[in-house]
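Everything below concerns the one structure shown next.
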Amino acid sequence: MGTLSVDELVGRAEWDSVTRTHRRPFVVYKFAATLDGRIAAEDGTSQWITSPESRAEVHLLRAGCDATVVGSGTQQADNPNLAVRGNDDPRLDLSMVNDPKRQPLRVVLDSNAKTPADANVCNDAAPTLIVVAEDADASHLDGVVDVLKVKRADKGLDLPSVLAGLHDRGVRAIFLEGGPTLAGSFIARGLVDRVVNYVAPALLGSGKSGLENAGIHSMSGILRLELLDVSRSGSDVRLVARPAR
């Protein structure tokens, strides 16, 4: 496993510049994929593509940001907990694992308020915010979790409004975990500041891609990244990059 600190992995030195200039949180996009760029098999299974060491480090990255963000598709498909947990990485502050009040905010972007009140993300392991459209009925979440209503975009929610709402809540950096459609929306809007990609030495040949609908339709629009670090993570390779400047 690489020896970068959590601050270096999540680009903490760049947070203030982004929040001050753009009035939004710094966005760290993480995904884990096979060598051919698949994050799940054709039948939808995805456990596990990467090594135990990489999966443990993900909790370190969650702990290093103020909020963990997923879309409704990920919530419905995986019913994730999203809380920081585990003790496999010596860099992880275990006091955060054991104290829900010190956990990062869990955020689900859920346009139509489909997240059920008994979803894992609604438990008491960490604070939770469900972001829904202004016209969505989220009454089933009353008294369960906090809800933020924002305007709709052509597809999904208006991401600048989402980020503004998080910024107003004191969130300085978010850890964007998926899925590929939500990540594509962030990329299309130029809202990703850092990419952390775990690549497993494996092939699937078909299945879900790590990024979809990013608004790039030809090589002239390709998003070039500046590679900041390449390290081993168990049997995987971890790449840390940011949009080329």
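Any value given below was found using the heavy atoms of this structure, including those in side chains, with hydrogens, waters and symmetry copies removed. Predicted, not measured: the structure shown is a model, and the values here were computed from it.
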Handout entry: Hydrophobic cluster partners of I49 (side-chain heavy atoms under 4.5 Å)
Key = none
Completion exercise
Closest non-hydrogen contact found for A173 with C65 is O-CB, 3.7 Å
Practice task
Measure the shortest side-chain to side-chain distance between V131 and V107 over non-hydrogen atoms and say whether it is less than 4.5 angstrom.
Solution key: yes
Handout entry: Linked, directly or transitively: L227 and L35 (ILVMFWY side chains, under 4.5 Å)
Key = yes
Problem - Flag, side chain of S161 to backbone of L157, donor-acceptor distance under 3.5 Å - result: no
Exercise for the section: Give every residue pair that meets the salt bridge (Lys or Arg N to Asp or Glu O under 4.0 Å) criterion with at least one member in residues 194-218, sequence neighbours excluded. Expected result: E14-R194
Exercise for the section: State, to 0.1 Å, how close P116 and C122 come at their nearest heavy-atom pair, and which atoms those are. Expected result: O-SG, 3.6 Å
Exercise for the section: Would you name the heavy atoms of G215 and A188 that are closest together and state the gap between them? Expected result: N-CB, 4.2 Å
Problem - Donor-acceptor pair, side chain of S233 and main chain of Y198, under 3.5 angstrom - result: no
Practice task
Kindly indicate whether the side chain of L9, heavy atoms from C-beta on, has any atom under 4.5 Å from the side chain of V240.
Solution key: yes
Exercise for the section: Determine, for D146 against R169, whether the closest basic-nitrogen to carboxylate-oxygen distance falls under 4.0 angstrom. Expected result: no
Completion exercise
NZ of K114 to NE2 of H140, rounded to nearest 0.5 Å, is 8.5 Å
Problem - Pairwise side-chain contact, D229 with L239, heavy-atom cut-off 4.5 Å (strictly under) - result: no
Handout entry: Shared hydrophobic cluster, I39 / L225 (ILVMFWY, side-chain heavy atoms < 4.5 Å)
Key = yes
Practice task
Could you name each residue pair satisfying salt bridge (Lys or Arg N to Asp or Glu O under 4.0 Å) that touches residues 16-28, not counting sequence neighbours?
Solution key: R24-D193
Exercise for the section: Just jot down the side-chain hydrogen bond (donor to acceptor under 3.5 Å, both in side chains) partners of E134, sequence neighbours excluded, or say none. Expected result: none
Exercise for the section: Write down the atom of V10, the atom of G64, and the distance for their closest heavy-atom approach. Expected result: CG2-O, 3.8 Å
Handout entry: Qualifying salt bridge (Lys or Arg N to Asp or Glu O under 4.0 Å) pairs, either residue in residues 63-76, two or more places apart
Key = D66-R172
Exercise for the section: Working to the nearest 0.5 Å, report the span between OG1 of T19 and CZ of F26. Expected result: 10.0 Å
Practice task
Tell me, with the steps shown, if E57 and R238 meet salt bridge (charged side-chain N to carboxylate O under 4.0 Å, His left out).
Solution key: CA-CA 10 Å; E57 190 171 80; R238 183 194 66 218; 2.9 Å; yes
Practice task
Return yes if some donor-acceptor pair links the side-chain N/O of H167 with the main-chain N/O of P25 below 3.5 Å, else return no.
Solution key: no
Practice task
State whether the side chain of K149 and the backbone N or O of A136 hold a donor-acceptor pair below 3.5 Å, judged by distance alone.
Solution key: yes
Exercise for the section: Verify the distance criterion only: is there a donor paired with an acceptor across the side chains of S5 and D7 at less than 3.5 Å? Expected result: no
Practice task
Considering only Ile, Leu, Val, Met, Phe, Trp and Tyr, and joining two whenever side-chain heavy atoms are under 4.5 Å apart, list the other residues clustered with V121.
Solution key: V70, L82, V108, I130, V132, L141, V144, V145, V147
Practice task
Output every pair passing ring pair (Phe, Tyr, Trp, His ring centres under 6.0 Å) with a member in residues 28-56, not counting sequence neighbours, ordered by first then second residue.
Solution key: Y29-F31
Exercise for the section: Would you mind checking if E177 and R62 are paired as a salt bridge, meaning a charged N to carboxylate O distance below 4.0 Å? Expected result: yes
Handout entry: Side chain D158, main chain A153, donor-acceptor under 3.5 Å
Key = no
Exercise for the section: Look at the side-chain heavy atoms of Ile, Leu, Val, Met, Phe, Trp and Tyr, link any pair under 4.5 Å apart, and say whether V150 and L105 land in one connected group. Expected result: yes
Problem - Pairing residues for R152 by the side-chain hydrogen bond (donor to acceptor under 3.5 Å, both in side chains) criterion, not counting sequence neighbours - result: N112, D135
Problem - More than 12 heavy atoms of other groups within 6.0 Å of R189 CZ - result: no
Problem - Short side-chain to backbone donor-acceptor contact, S54 and T50, under 3.5 Å - result: no
Exercise for the section: Using the rule that two of Ile, Leu, Val, Met, Phe, Trp, Tyr join whenever any of their side-chain heavy atoms come within less than 4.5 Å, decide whether L211 and V27 are in one cluster. Expected result: yes
Exercise for the section: Write down the atom of A67, the atom of V171, and the distance for their closest heavy-atom approach. Expected result: CB-CG1, 4.0 Å
Problem - Nearest non-hydrogen partners of A83 and A126, listed with the distance - result: CB-CB, 4.3 Å
Practice task
Check which hydrophobic residues are tied to M219 through side-chain heavy-atom contacts below 4.5 Å, counting indirect links as well, and list them.
Solution key: I222
Problem - Where at least one partner belongs to residues 31-45, residue pairs that pass salt bridge (Lys or Arg N to Asp or Glu O under 4.0 Å), sequence neighbours excluded - result: none
Exercise for the section: Group every Ile, Leu, Val, Met, Phe, Trp and Tyr by side-chain heavy-atom contacts under 4.5 Å, then state whether L60 and V58 land in the same group. Expected result: yes
Problem - side-chain hydrogen bond (donor to acceptor under 3.5 Å, both in side chains) against N213, all qualifying residues, sequence neighbours excluded - result: none
Practice task
Enter the distance from I174:CD1 to T68:OG1 here, rounded to the nearest 0.5 Å.
Solution key: 9.0 Å
Handout entry: Modelled atom types, side-chain donor and acceptor of R106 and N123, under 3.5 Å
Key = yes
Exercise for the section: Output all residues satisfying side-chain hydrogen bond (donor to acceptor under 3.5 Å, both in side chains) with D78, sequence neighbours left out; order by chain, then residue number. Expected result: none
Exercise for the section: Applying side-chain hydrogen bond (donor to acceptor under 3.5 Å, both in side chains) between T115 and each of N79, T128, D110, report the one that passes. Expected result: D110
